[in-house]
Number of protein chains: 2
Amino acid sequence: MNVSGSTASRALADDPRIGAATRLAVKAAAIEMNYVPNAAARSLRARRTRALGLLLPDLRDPVHGQVASAFEQEARAQGYGVMVVAGERDPGRERLALRIFAEHGTDGVAVVSGLLSPRELRDRVDPDRLVLVWPDHRSLPRRDGARTPGVIQTDDASGVRAAVEHLIANGCRRIAYVEGGVRASNTIRAETVASTLRAHGERFPMQTFPAPVDAWRDPGQLAARIAADLPEALVCYDDQLALGLMDALRQHGIRIPDDMQIVGFDGIPFAAIANPRLTTVAVPSAELGRAAATSLIRAIHDGALPEGVLLPVEVVVRQSTGSVAALADQP
Amino acid sequence: MNVSGSTASRALADDPRIGAATRLAVKAAAIEMNYVPNAAARSLRARRTRALGLLLPDLRDPVHGQVASAFEQEARAQGYGVMVVAGERDPGRERLALRIFAEHGTDGVAVVSGLLSPRELRDRVDPDRLVLVWPDHRSLPRRDGARTPGVIQTDDASGVRAAVEHLIANGCRRIAYVEGGVRASNTIRAETVASTLRAHGERFPMQTFPAPVDAWRDPGQLAARIAADLPEALVCYDDQLALGLMDALRQHGIRIPDDMQIVGFDGIPFAAIANPRLTTVAVPSAELGRAAATSLIRAIHDGALPEGVLLPVEVVVRQSTGSVAALADQP
DNA sequence: TTGTACGCGTTATCAT
DNA sequence: ATGATAACGCGTACAA
């Protein structure tokens, strides 16, 4: 079996001009010598790598893990590899990530919960091969349902509004918000809690407990401040914070939902099995990751950004906002 | 400013033969036109991509997320990109992953909790550029402290033994084990529980509750079987399973630790804030990921595998094994 | 139907 | 101190 390079190349690519016999022989030989095409050479010629870049803050937290998982799965199903870089919520690291992607020549980039301005992003990578998931820069997130091409978001405001209305229906008046850092996503949630309260006739300004982005790791001080001036209900920036606070408040003898009700955000798996089970605004993280991959791959093929996506969220009522029904809920 | 390709290449590589003036000018121009070297071309010539392949079962679970995070961080610090593929605990998918890595020409591969036999792995990728983390094939995990080159493990048996001894010290006699699938890692934990009981004079065979690998998602049936024949203490395959069971057993009115004590494995963050807080055998997942990256990169540079690593684990006693001290523990 | 020759961007070698 | 050239492995336009 001796054929020229081109014949081999064509046979492996199922070029119809190659005879069936030759094709089979070549393929057999390829398997025999466990040949794998060299992606570097192929990329050099084809000007594409069939690899995508995924930039996210952290692989450890449940939400981004879920997004990354779905993104990778969808990409793999469509024949793309995924290069992952954690930006660690640091603009410098995010810039480095983009550079890594550029050097490796990824065909497209998805940025999840990114801090860099859309302006700078589009300046650093081909804007027609860039999708933004949960952009966390003040210039992008929308309270309304507006969709920007290449931007994938969830309808956080609607979810938070529904959650607050659920608390109001439960008879809560003094509803406070616990911050998670000072990013745009936090601002939207805080403002939505406040505006929903106003819309329901609450006259006093909403109470806000400030907290850094990783307060859930060590919520002791925060819990003490809350315990010292206990509201009827707490809306937390996210589930991790809510779960950390539930634990810390327990030290102060505060019973949930009896003494205070509490709502999280994200819908991470542990929220469902916490004790008490945590009411939360659940976001479809897996769909988000999948949508990001499909949008990005479509953008690569079409050379232009597909329409933006706005995914719905859902309030999942559980024991922490303690209606009798919720307390009785079965697994 | 007009120089030849070679000069530009050398200037950017800080080749000492290039004059300072030229070097600066070239670098300025590179930034100006935001030039990034093409990794494909570079790889083609240099025969290395400065990319690593990371194969793990799932990006969603806290333990592997942690490992992936540390691996990526360490790799990035040493100038390597990371291509991640989830094997989804399916041998076919694992093979596909290795193929993806081969095509993209990764300089080395780390396989975490892989199911494929070491034999097959070494057959499919260059064995001198392969590290195995937590190999989960029956031919590899060791009960003793033996180290195999390129293999990174934790001393699970010691941890489980210590956990069981802790339960015995608490006065528990009827200690049962809850399985997590039928993999090698499960076998080691089960056998260690049994042998520790025997070593402490327990004469009846240890009770085992069989469960599939993802029983924690829907632990209802499993919990019913356990509640029907309640042991004094439960050692669970991992924390997720233990936490899921704690929730499900609560439905049966079982109080932990009063009616039964429970121990998990892994030391995921949520174990520390569950209610009751979960006693667990904590593994150093971040160190594991970091060790994997450093070992792999060293292997790439040396062309040979570095010595294996065996990391210690630690029993973290909390409320679920309820000594009075543990119940009083502060955050 | 198959083989030949060229070019993708980079760097090592050799020449100037 | 710098420039010219070849080579990495693949895919394709063109020739046979």
Side-chain angles (χ1 to χ4, degrees), chain A residues 1-51 53 79-81 83 99-107 125-126 129 300-301 303, chain B residues 1-51 79-81 99-107 125-126 129 300-301 303:
Chain A
M1 189 65 212
N2 237 328
V3 295
S4 77
S6 19
T7 305
S9 172
R10 287 193 274 248
L12 293 173
D14 284 318
D15 189 308
R17 298 174 302 180
I18 298 299
T22 331
R23 170 160 52 234
L24 289 176
V26 169
K27 288 194 171 180
I31 290 174
E32 175 65 29
M33 62 190 359
N34 57 57
Y35 162 90
V36 284
N38 177 324
R42 176 181 281 169
S43 310
L44 196 56
R45 231 201 105 72
R47 314 178 140 280
R48 48 179 201 133
T49 54
R50 294 197 79 80
Y80 283 81
M83 179 158 285
R99 190 188 168 87
I100 291 175
F101 295 151
E103 292 194 357
H104 285 274
T106 55
D107 292 340
V125 316
D126 180 348
R129 299 160 177 294
I300 292 166
H301 288 123
Chain B
M1 188 64 212
N2 238 329
V3 295
S4 77
S6 358
T7 306
S9 173
R10 286 194 274 248
L12 293 174
D14 283 319
D15 189 308
R17 298 175 300 180
I18 297 299
T22 330
R23 171 160 52 237
L24 288 175
V26 168
K27 287 193 171 181
I31 291 173
E32 173 65 28
M33 62 188 2
N34 56 61
Y35 161 90
V36 284
N38 179 324
R42 177 178 286 170
S43 310
L44 194 56
R45 255 208 80 82
R47 313 179 141 281
R48 51 181 194 125
T49 53
R50 294 195 80 80
Y80 284 82
R99 193 190 164 83
I100 291 175
F101 295 150
E103 293 194 355
H104 286 274
T106 54
D107 292 339
V125 316
D126 180 349
R129 300 163 177 295
I300 291 167
H301 289 125

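Letters go in sequence order (proteins before strands), and every chain restarts at 1. Just so we're clear, the structure is a prediction, and the values are computed from it rather than from any experiment.
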* Not counting sequence neighbours, list each pair that qualifies as a salt bridge (charged side-chain N to carboxylate O under 4.0 Å, His left out) and has a residue in residues 27-38 of chain A. =>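 Matches after skipping sequence neighbours: A:Asp14-A:Lys27.
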* Identify, with sequence neighbours excluded, every residue that meets side-chain contact (heavy atoms from CB on, under 4.5 Å) alongside B:Ser6. =>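 By the side-chain contact (heavy atoms from CB on, under 4.5 Å) rule, B:Ser6 matches B:Ser4, B:Arg10.
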* To do: Carefully, step by step, assess A:Asp107 and A:Tyr80 under the rule side-chain contact (heavy atoms from CB on, under 4.5 Å).
  => CA-CA 9 Å; A:Asp107 292 340; A:Tyr80 283 81; 3.7 Å; yes
* Closest nucleotide of DNA chain C for B:Ala41 versus for A:Arg23: which of these residues is on the 5' side? ->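 So the residue in question is A:Arg23.
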* **First encountered from the 5' end of DNA chain D, between B:Ser6 and A:Ala40** =>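 Looking at DNA chain D, the more 5' nearest nucleotide goes with B:Ser6.
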N/O donor to acceptor pairs below 3.5 angstrom from side-chain atoms of residues 34-46 of chain A, sequence neighbours left out:
unit_1	atom_1	unit_2	atom_2	d
A:Asn38	OD1	A:Ala40	N	2.7
A:Asn38	OD1	A:Ala41	N	3.0
A:Ser43	OG	A:Ala39	O	2.5

* Asked: Between residues 42-50 of chain A and DNA chain D, which residues have a heavy-atom gap below 4.0 Å?
  ->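 When residues 42-50 of chain A is checked for heavy atoms under 4.0 Å from DNA chain D, the hits, listed by number, are A:Arg42, A:Arg45.
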* **Terminal helix-axis angle for the helix from C:dT1-D:dA16 to C:dT16-D:dA1, with five pairs defining each axis and rounding to 10 degrees** =>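 One end axis against the other gives 50°.
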* **Residues forming a salt bridge (Lys or Arg N to Asp or Glu O under 4.0 Å) with B:Arg99, sequence neighbours excluded** =>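 So B:Arg99 forms a salt bridge (Lys or Arg N to Asp or Glu O under 4.0 Å) with B:Glu103.
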* List for me each residue that meets side chain to side chain donor-acceptor pair (under 3.5 Å) alongside A:Ser9, sequence neighbours excluded, and say none if there are none. =>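 Expected list: none.
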* **Shortest non-hydrogen contact from B:Ile18 toward B:Thr7** =>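 Shortest heavy-atom separation between B:Ile18 and B:Thr7 comes out as CD1-CG2, 4.0 Å.
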* Asked: Which of residues 7-21 of chain B have a heavy atom under 4.0 Å from DNA chain C?
  ->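 Correct list: B:Ser9, B:Arg10.
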* Value rounded to 0.5 Å, distance of CG in B:Asp15 from CG in B:Leu12 ->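 The CG atom of B:Asp15 sits 11.0 Å away from the CG atom of B:Leu12.
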* To do: Write down the distance between CG (A:Asn38) and P (D:dA7), rounded to a whole number of angstrom.
  =>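 Taking atom P of D:dA7 as the reference, CG of A:Asn38 is at 18 Å.
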* Asked: Hey, does the side chain of B:Arg50 reach the backbone of A:His104 with a donor-acceptor pair shorter than 3.5 angstrom?
  ->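 No.
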